[in-house]
Amino acid sequence: MKKLFTLIIAFLLASPVMAGEIRRLGEDYRSKAMGNTGIVTATSATALFYNPATLSNIFTWWIDTPMMELTYSDDSKDLYDTAKSGGFNLETQQDQFDFMDTYIGKNPYIKFTTGTNAVVNISARGLSIAGNYTYEAVLDIKVRNPSMPEISTFMRLDHVRQYGISIPIGIGQWVLGATYKTIERNELDFTYGMADALEGSDFPTLASDGASGIGSGYDLGFLYRQNSASRLMFGGVYRKGIELGDATPIPEEYALGIGMVQQFGIFRWIGALDFRDLSYKGASDGDKSINRRTHWGSELGIFPLSKSRSWISIRNGFSQGNYSTGAEISFWRVFVIGGTRYIEETGEYAGQNPSNRTVLYFSFGF
């Protein structure tokens, strides 16, 4: 895992937006498996990336240090093999031609996230505090136009520091939440074509051509938990937009969600339905359809360990019309391992240009 992270950073620094993809920070393997839901059903410190009010869903405490999450597309195996054999030397014209020839029509994607997450529940009514200290590196490449190949590349390195709290109102049916975050961003988005190679133009690098910036912002969320056998929940979140200097800003966003939790002996079932990007600022302006913004999924927990975690969890969902699935084994706080298969829409419209991806997750904690 350390070698993979080093590989990504080395490529970002030493070498070389898919239009339409919504690139949110902190999207974790559990939510991705459940159709990228979490506005009311998040159950870990990554809740701060979805809705801080959902910290009230956590009735324990733990610290993940370190946590490691690797996401990669089906085409990225060739990228890994090339890197392993020292093939990321794109300084010469011939190297650039060879790279274009090898990856024409492919879309290698790699994202690696690592850091520390912490959450502490203070009262059973839902008073909790949490924090994230994470790094997220993304590398997204697409080689297109067989007659005149060009390398379209997006790369980004984010450092996220955020802190949040959930505050119950009265007996805890209503919960308010707030997050304060600071983000440092370095990124580069470019297209390098056959004409550039023939002219001998320098290949762009993050160090010399990238944009950077730092900014702070906040999220405000709410959650209502019905006190009935249905255990119905609904909530929402507002994310303030954050300017990041010369780098891509984080857009303002409104999101709503509804969920339900049911207990059947050794089984726990969670259902979720989210409507995200309701401000229509997260992706292309071309697709205003509700399908592009609808997410739903479920989780079946077997042998619950607490009110928020199970020994075994099986998940599935739909995001923008694409199916997702995943599973997790949790050894309480000590060790958690999980995996997810999902499809990310990278095109202008839902269903136009899906990218098949896998997520692997490991965390050690106490």
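Each of D74, D140, T346 was scored for a side chain to side chain donor-acceptor pair (under 3.5 Å) with N107, with one residue passing: D140. Partner of D277 under the salt bridge (Lys or Arg N to Asp or Glu O under 4.0 Å) criterion, chosen from R24, R23, R293, R239: R293.
Aromatic ring centroids of H159 and Y133 lie under 6.0 Å apart. A ring-centre distance under 6.0 Å is not found for Y180 and Y163.
In this structure the side chain of L25 reaches within 4.5 angstrom of the side chain of F49, judged on heavy atoms. Using a 4.5 Å cut-off on side-chain heavy atoms (C-beta onward), F112 and L139 make no contact. Using a 4.5 Å heavy-atom threshold, the side chains of W62 and S44 count as touching. Residues N291 and Q320 form no side-chain contact, since every pair of their non-hydrogen atoms from C-beta on lies 4.5 Å or further apart. The shortest distance between side-chain heavy atoms of I258 and L232 falls below 4.5 Å. Counting only heavy atoms from C-beta outward, the side chains of I302 and F267 approach each other to under 4.5 Å. Side-chain contact between W269 and M260 is present, with at least one heavy-atom pair separated by less than 4.5 Å. V40 is not listed as a side-chain neighbour of L256, based on a closest heavy-atom distance of 4.5 Å or more.
Using a 4.5 Å cut-off between side-chain heavy atoms of Ile, Leu, Val, Met, Phe, Trp and Tyr, with links allowed through other members, Y218 and I242 fall into different hydrophobic clusters. Following chains of ILVMFWY side-chain contacts shorter than 4.5 Å, one cannot reach V119 starting from M67, and the two form parts of different hydrophobic clusters.
Scanning all heavy atoms of the two residues, the minimum distance from Y109 to V138 falls at CE1-CG1, 3.9 Å. Across every non-hydrogen atom of T54 and T41, the tightest pair is CG2-N, 4.3 Å. When all heavy atoms are compared, the tightest approach of E27 to N36 is OE2-ND2, 2.9 Å. Looking at every heavy atom in both residues, Y50 comes nearest to G26 through CE1-O, 4.0 Å. Annotation for P52 and T179: closest pair CB-OG1, 3.2 Å, computed over non-hydrogen atoms. Shown here for E243 and P249, the closest heavy-atom pair between the two residues is OE1-CB, 3.9 Å.
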Mind running side-chain hydrogen bond (donor to acceptor under 3.5 Å, both in side chains) on T43 and N57 for me, showing each step along the way?
-> CA-CA 6 Å; T43 58; N57 292 334; over 6 Å; no
Side chain to side chain contact (heavy atoms under 4.5 Å, CB included) assessment of T37 paired with S31 = CA-CA 5 Å; T37 58; S31 294; 5.5 Å; no
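A salt bridge is defined here as a Lys NZ or Arg NE, NH1 or NH2 lying under 4.0 Å from an Asp or Glu carboxylate O, and K240 with D219 fails to meet this definition. Under the 4.0 Å criterion applied to side-chain N and carboxylate O atoms, R268 and E299 are not assigned as salt-bridge partners. Taking a cutoff of 4.0 Å between a charged side-chain nitrogen and a carboxylate oxygen, R156 and E136 do not qualify as a salt bridge.
In this structure, Y192 contributes its side chain and S201 its backbone to a donor-acceptor pair below 3.5 Å. Not a single donor-acceptor pair under 3.5 Å links the side chain of S319 to the backbone N or O of N322. Within the 3.5 Å criterion, the main-chain N or O of P108 finds no donor-acceptor partner in the side chain of D75. Side chain of S306 to main chain of R309: a donor-acceptor pair is present (N/O by atom type, distance under 3.5 Å, no hydrogens or angles). Without hydrogens or angle criteria, E69 side chain to Y29 main chain gives a donor-acceptor distance under 3.5 Å. Put simply, the side chain of S166 never gets that close to the backbone of A53: no donor and acceptor are under 3.5 Å apart. Within the 3.5 Å criterion, the main-chain N or O of W332 finds a donor-acceptor partner in the side chain of S330. N132 contributes no side-chain N or O that, together with a main-chain N or O of L48, makes up a donor-acceptor pair within less than 3.5 Å. Between the N51 side chain and the F222 main chain, a donor and an acceptor come within less than 3.5 Å of each other. Although no hydrogens or angles enter the test, the distance criterion places a donor-acceptor pair under 3.5 Å between the side chain of T294 and the main chain of I290.
Considering CD1 of I110 and OG1 of T71, their distance stands at 10.5 Å, rounded to 0.5 Å. To the nearest 0.5 Å, the span separating CD1 on I270 from CZ on R30 amounts to 5.0 Å.
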May I have the list of side-chain donor-acceptor pairs in residues 356-366 shorter than 3.5 Å, sequence neighbours left out?
residue, atom, partner, partner atom, Å
R357, NE, S355, OG, 3.1
R357, NH1, E21, OE2, 3.0
R357, NH2, E21, OE1, 3.3
T358, OG1, R341, NH1, 2.8
Y361, OH, S363, OG, 3.4

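The side-chain tip of R225 does not point at the ring of W174 from less than 6.0 angstrom away and within 45° of straight on.
There is a side-chain donor-acceptor pair under 3.5 Å between T182 and S216. A donor and an acceptor atom, one from each side chain of E252 and Y238, are located under 3.5 Å apart. Side-chain contact annotation: T325 with N316, donor-acceptor N/O pair under 3.5 Å absent. No donor-acceptor contact under 3.5 angstrom links the side chains of S310 and S313, judged on distance only.
Around the CZ atom of F303, the shell of radius 6.0 Å holds no more than 12 heavy atoms that belong to other residues, nucleotides or ligands.
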